[in-house]
Each structure stands twice: as C-alpha cells, then as structure tokens.
Amino acid sequence: MAAEKDQQKDAEAEGLSATTLLPKLIPSGAGREWLERHRATIRPWGTFVDQRRFSRPRNLGELCQRLVRNVEYYQSNYVFVFLGLILYCVMTSPMLLVALAVFFGACYILYLRTLQSKFVLFGREVSPAHQYALAGSVSFPFFWLAGAGSAVFWVLGATLVVIGSHAAFHQIEAVDGEELQMEPV
C-alpha cells in the first residue's frame with residue numbers, strides 16, 4: 001500500500017496525473033501489458049483529427065498506400081476508437097447493460113462460491129472453465145433478447161466505416177527517408 005502511494009507521488013512529481021495511470025481494476029498480466037503497449041504508441045490526437053490533413057486521394061494507388069500506411073501509423077488510435085464504439089454501443093442499449101450485468105453477476109457469484117468450497121454439480125467437481133460456460137449459458141437468453149448479435153455487427157460495421165474513411169482520407173505522415181520512392185520501370 002505504501003509502495004503504491006510512493007509510485008503515485010513519483011508519477012505526480014513527473015507531471016503525470018492519476019487519470020493517466022492505468023486503472024487498478026486491470027490485473028497485471030497479458031491484458032495489462034497489451035494496454036500499456038498500445039497506450040505508449042498512441043499518436044497525438046491533435047494530428048489524428050486535424051481537418052487540414054484530410055484530402056481526397058488522387059488515384060487508387062494513393063488510396064491503397066494511405067490505407068496501409070495510416071493503419072500502421074495510427075494502429076493504437078484505431079484500437080481506442082474501436083473500444084470507444086463498443087462503449088457507446090453498450091451504454092446506449094439498456095437491455096445490453098442488463099445482459100452484461102447478469103453475466104458478470106453470475107461470474108461473481110460463481111467466484112464467491114469457489115472461494116468458500118469447490119463447486120460440485122451432480123457429484124462432480126466443476127472446473128473454472130465449465131463454471132464460466134455455465135454463467136454464459138445462464139445469461140445467453142438475456143444477450144439474445146438484448147440483440148447482442150446485431151450490436152456486434154453494428155460495432156464492426158461502424159468501426160470499418162470510421163477507420164476506413166479516416167485511413168483513406170487522412171494524408172500520410174512523412175517518414176524520414178521515405179519521402180520520395182522511385183519504382184523501377
């Protein structure tokens with residue numbers, strides 16, 4: 001506890017606020033490392049949305065080049081756009097919120113139950129993977145009623161439209177040594 005407070009004080013002394021630090025709810029491991037890696041490579045949002053940098057590509061070759069280079073260059077920004085669209089979809093669908101609450105509530109109940117003793121069903125011990133499958137099967141009707149399938153396809157479609165149009169119309173960032181490339185004839 002004292003070490004966490006020292007880290008927070010050090011971070012504040014370096015100019016970092018508590019909002020820029022990763023939330024404590026994300027456990028250490030692969031997920032936290034993935035999030036840290038993507039947060040470290042985010043390009044400035046000002047250049048990401050700068051309207052002066054948008055123009056129509058001259059031809060199909062330039063369009064393809066813009067798509068490839070912008071997806072590589074703004075990959076982390078696009079990940080957070082995708083996560084923002086997921087959050088928007090969940091927050092604007094009350095029934096989907098209920099379905100998620102049922103699912104996570106079932107998972108939490110199973111977690112509390114396994115802390116007390118092993119979970120036994122019909123005389124057999126149930127593994128954690130099977131317990132979470134049970135939680136998913138209990139909450140499946142709620143996801144069905146909430147229209148989770150259409151929400152998934154809406155998020156995928158909206159992501160493709162937003163990211164595809166940004167990558168196609170945003171001018172390519174100049175990279176040292178790659179400003180002028182000649183193709184052999």
Side-chain angles (χ1 to χ4, degrees), residues 16-108 111 129 132-175 178:
L16 297 173
S17 66
T19 58
T20 60
L21 299 174
L22 288 174
K24 300 292 183 199
L25 296 173
I26 300 173
S28 60
R32 187 177 187 98
E33 291 172 9
W34 179 85
L35 188 61
E36 286 175 350
R37 186 173 61 247
H38 279 282
R39 283 185 70 172
T41 58
I42 290 179
R43 305 296 179 181
W45 289 101
T47 59
F48 182 75
V49 296
D50 186 11
Q51 293 179 357
R52 294 172 295 194
R53 307 243 343 132
F54 285 91
S55 67
R56 194 179 81 206
R58 289 175 290 196
N59 54 33
L60 185 61
E62 184 181 1
L63 173 72
C64 294
Q65 185 180 16
R66 282 185 182 189
L67 284 172
V68 171
R69 295 271 305 271
N70 281 332
V71 167
E72 288 175 0
Y73 189 75
Y74 290 113
Q75 181 180 10
S76 294
N77 295 66
Y78 292 147
V79 166
F80 285 100
V81 167
F82 174 68
L83 293 175
L85 285 171
I86 289 173
L87 186 64
Y88 171 78
C89 183
V90 168
M91 292 302 182
T92 57
S93 174
M95 192 63 185
L96 194 54
L97 283 172
V98 169
L100 286 170
V102 167
F103 175 70
F104 287 119
C107 288
Y108 185 68
Y111 171 74
Y132 292 122
L134 177 66
S137 64
V138 166
S139 60
F140 179 77
F142 293 99
F143 283 114
W144 181 299
L145 290 173
S150 62
V152 167
F153 286 110
W154 181 88
V155 167
L156 291 176
T159 300
L160 286 175
V161 167
V162 169
I163 291 174
S165 58
H166 181 274
F169 292 110
H170 194 274
Q171 294 175 357
I172 298 173
E173 295 289 328
V175 179
E178 292 186 22

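All figures in this text were calculated on a predicted structure; none of them were measured in a lab.
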Asker: Working to the nearest 0.5 Å, report the span between CZ of R69 and CD of Q171.
Answerer: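 Between atom CZ of R69 and atom CD of Q171 there are 12.5 Å.
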Asker: For V90, does its backbone N or O pair with a side-chain atom of S93 as donor and acceptor, under 3.5 Å?
Answerer: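 Flag not set: sc S93 to bb V90 has no pair under 3.5 Å.
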Asker: Determine whether the aromatic ring centres of F104 and Y111 lie less than 6.0 Å apart.
Answerer: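 No, too far apart.
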Asker: Within a radius of less than 6.0 Å around OH of Y108, do more than 12 heavy atoms belonging to other residues, nucleotides or ligands occur?
Answerer: no
Asker: Run the ring-ring contact (aromatic ring centres under 6.0 Å, His included) check on F80 and Y74 step by step: do they pass?
Answerer: CA-CA 10 Å; F80 285 100; Y74 290 113; over 10 Å; no
Asker: Determine all donor-acceptor pairs shorter than 3.5 Å in which one atom belongs to a side chain in residues 135-157; sequence neighbours excluded.
Answerer:
| unit_1 | atom_1 | unit_2 | atom_2 | d |
| --- | --- | --- | --- | --- |
| S137 | OG | A133 | O | 3.4 |
| S137 | OG | L134 | O | 2.8 |
| S139 | OG | A135 | O | 3.0 |
| S139 | OG | G136 | O | 3.3 |
| S150 | OG | G147 | O | 2.8 |

Asker: Can you check whether F48 reaches V81 side chain to side chain, under 4.5 Å on heavy atoms?
Answerer: yes
Asker: So, for I172 and Q65, which heavy atoms are closest and what is the spacing to 0.1 Å?
Answerer: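 Looking at all heavy atoms of both residues, the shortest contact is CD1-CG, 3.8 Å.
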Asker: How many angstroms lie between atom CZ of F54 and atom CD of Q51, to the nearest 0.5 angstrom?
Answerer: 8.0 Å
Asker: To the closest 0.5 Å, what do you measure between CZ (F169) and CG (L67)?
Answerer: 9.5 Å
Asker: Looking only at non-hydrogen atoms, find the nearest pair between R66 and R56 and report the distance.
Answerer: NH1-C, 4.0 Å
Asker: Identify the two heavy atoms, one from C89 and one from T92, that lie closest to each other, and give their separation to 0.1 Å.
Answerer: O-OG1, 3.3 Å
Asker: Please check: side-chain N/O of N70 versus main-chain N/O of H170, any donor-acceptor pairing under 3.5 Å?
Answerer: yes
